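One structure is given here, and the rest of the page talks about it.
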Amino acid sequence: MNPALRSSAAHVFVDDLDAPDLAADDRHHLARVLRLRDGQPVSVGDGRGRWRMCRFAGGELGTDGPVMQPTPPNPLLTVAFSVPKGDRPELVVQKLTELGVDRIVPIRSDRSVVAWDGARAVKNLDRLRRVAREAAMQSRRVWLPVVEPLTAFAAFDAIDLVGTALAEPGGDAIDASVVTIVVGPEGGWSESELARGVRRVSLGPTVLRVETAAIAAGVRICALRDGQAT
């Protein structure tokens, strides 16, 4: 991480880095929640990798450095997870964003209990994307993760790609060739889902809740990409 990002008083996203205009919620957060003083540094990103330093003053941002364009992460990493009950999907999205996962896909599998339909699906997607944005600001990410709509397991477009694996007890060890991990429901994958022939990988010797498994998957593949694990 660039030291300036880490040392900034806050990190926000704007539409235009040349004329950074704070959204009302972000202005309130900086001025009323964080209580920033005039002149404090704030890093500002566009969510697509470009960012620059600014200074907070009078509730507004003034540019204070060149626009930076770091090298995109490679490979791009995906974690898909069968949607659990309650507010646990928010926890999954928050932590996967903090870890650096690039694409997050809530899925509906054969043994899923939670069903999001119609207006509820739209509302929940908006909520998860808001959680991802807030987590990206907190963790100083310059790329916002893509949070996909709820997708049927059979229609998940990464399922036939090289590098995709299902989380399943007794599977292979995770290595750097795995760029997408799909976590099933707590009732496990159905026989027809397992019969698709997708590689299986293990997240450890115990049975994990969906949110634990998804976060563990994110930790493993992000660490491997960053060269912190073998």
Side-chain angles (χ1 to χ4, degrees), residues 1-8 11 13 43 45-51 68-84 87-107 125 128-148 151 153 156-159 161-169 171-184 198-230:
M1 177 181 291
N2 187 296
L5 281 171
R6 185 169 184 176
S7 62
S8 65
H11 182 64
F13 293 103
S43 52
D46 64 2
R48 299 178 298 277
R50 299 171 69 244
W51 67 278
M68 309 292 287
Q69 179 67 71
T71 302
N74 184 44
L76 296 179
L77 303 176
T78 297
V79 173
F81 65 99
S82 184
V83 177
D87 59 1
R88 292 187 289 165
E90 295 182 23
L91 174 67
V92 173
V93 170
Q94 180 189 68
K95 299 311 176 188
L96 292 180
T97 299
E98 292 177 11
L99 288 167
V101 172
D102 304 292
R103 182 176 176 232
I104 304 169
V105 188
I107 63 169
L125 177 60
L128 294 182
R129 287 176 172 170
R130 184 171 63 252
V131 167
R133 185 179 185 274
E134 293 170 354
M137 291 166 58
Q138 184 277 327
S139 57
R140 304 302 197 267
R141 283 189 63 161
V142 295
W143 278 277
L144 280 170
V146 174
V147 181
E148 301 282 8
T151 303
F153 175 80
F156 181 41
D157 63 9
I159 210 64
L161 300 179
V162 173
T164 298
L166 303 184
E168 177 70 4
D172 299 333
I174 299 172
D175 58 35
S177 69
V178 177
V179 297
T180 297
I181 295 183
V182 191
V183 174
V198 182
R199 179 182 177 185
R200 306 175 194 181
V201 293
S202 173
L203 296 173
T206 59
V207 176
L208 305 177
R209 290 186 178 273
V210 170
E211 65 273 24
T212 309
I215 294 167
V219 169
R220 296 292 299 277
I221 58 177
C222 287
L224 285 164
R225 180 177 65 184
D226 297 340
Q228 298 174 1
T230 57

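Throughout, residue positions are numbered sequentially from 1 according to the sequence presented. Not measured: the values here are computed from a predicted model.
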If we only count heavy atoms from C-beta on, is the [X] to [Y] side-chain gap below 4.5 Å?
{"X": "Val179", "Y": "Leu76", "value": "no"}
{"X": "Ile107", "Y": "Val183", "value": "no"}
{"X": "Leu128", "Y": "Glu90", "value": "yes"}
{"X": "Glu148", "Y": "Thr78", "value": "no"}
{"X": "Thr97", "Y": "Gln94", "value": "no"}
{"X": "Leu99", "Y": "Val79", "value": "no"}
{"X": "Val101", "Y": "Pro145", "value": "no"}

- Query: Would you find more than 12 non-hydrogen atoms of other residues, nucleotides or ligands less than 6.0 Å from Arg209 atom CZ?
  - Reply: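 No, because the 6.0 Å sphere around CZ of Arg209 holds 12 heavy atoms or fewer from other groups.
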- Val178 and Arg199: CA distance, side-chain angles, deciding distance, side-chain contact (heavy atoms from CB on, under 4.5 Å) verdict: CA-CA 9 Å; Val178 177; Arg199 179 182 177 185; 3.5 Å; yes
- Pairs in or reaching into residues 129-139: which pass side-chain hydrogen bond (donor to acceptor under 3.5 Å, both in side chains), with residues at least two apart or in two chains?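 For residues 129-139: Asp26-Arg133.
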Atom of [X], atom of [Y] and distance for their closest heavy-atom approach:
{"X": "Val92", "Y": "Ala214", "value": "CG1-CB, 3.8 Å"}
{"X": "Ile221", "Y": "Leu77", "value": "O-CD1, 3.5 Å"}
{"X": "Ser202", "Y": "Gly204", "value": "OG-N, 3.1 Å"}
{"X": "Gly100", "Y": "Cys222", "value": "C-SG, 3.9 Å"}
{"X": "Leu144", "Y": "Arg141", "value": "C-NH2, 4.4 Å"}
{"X": "Val210", "Y": "Gly184", "value": "CG2-O, 3.5 Å"}

- Between Thr212 and Leu203, does a side-chain contact (heavy atoms from CB on, under 4.5 Å) hold up when you go through it step by step? CA-CA 10 Å; Thr212 309; Leu203 296 173; over 6 Å; no
- Task: Evaluate side-chain contact (heavy atoms from CB on, under 4.5 Å) for Arg225 paired with Asp102, printing each intermediate quantity in order.
- Result: CA-CA 12 Å; Arg225 180 177 65 184; Asp102 304 292; 2.7 Å; yes
- Task: Check the pair Asn2 / Val142 against side-chain contact (heavy atoms from CB on, under 4.5 Å), numbers first and verdict last.
- Result: CA-CA 11 Å; Asn2 187 296; Val142 295; over 6 Å; no
- Task: Using atom types as modelled and distance alone, determine if a side-chain donor or acceptor of Trp143 lies under 3.5 Å from a backbone N or O of Gly47.
- Result: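 Checking the backbone N and O of Gly47 against the side chain of Trp143, no donor-acceptor pair under 3.5 Å is found.
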- With no hydrogens and no angle check, do the side chains of Arg140 and Ser8 hold a donor and an acceptor under 3.5 Å apart?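 Per modelled atom types, Arg140 and Ser8 side chains form a pair under 3.5 Å.
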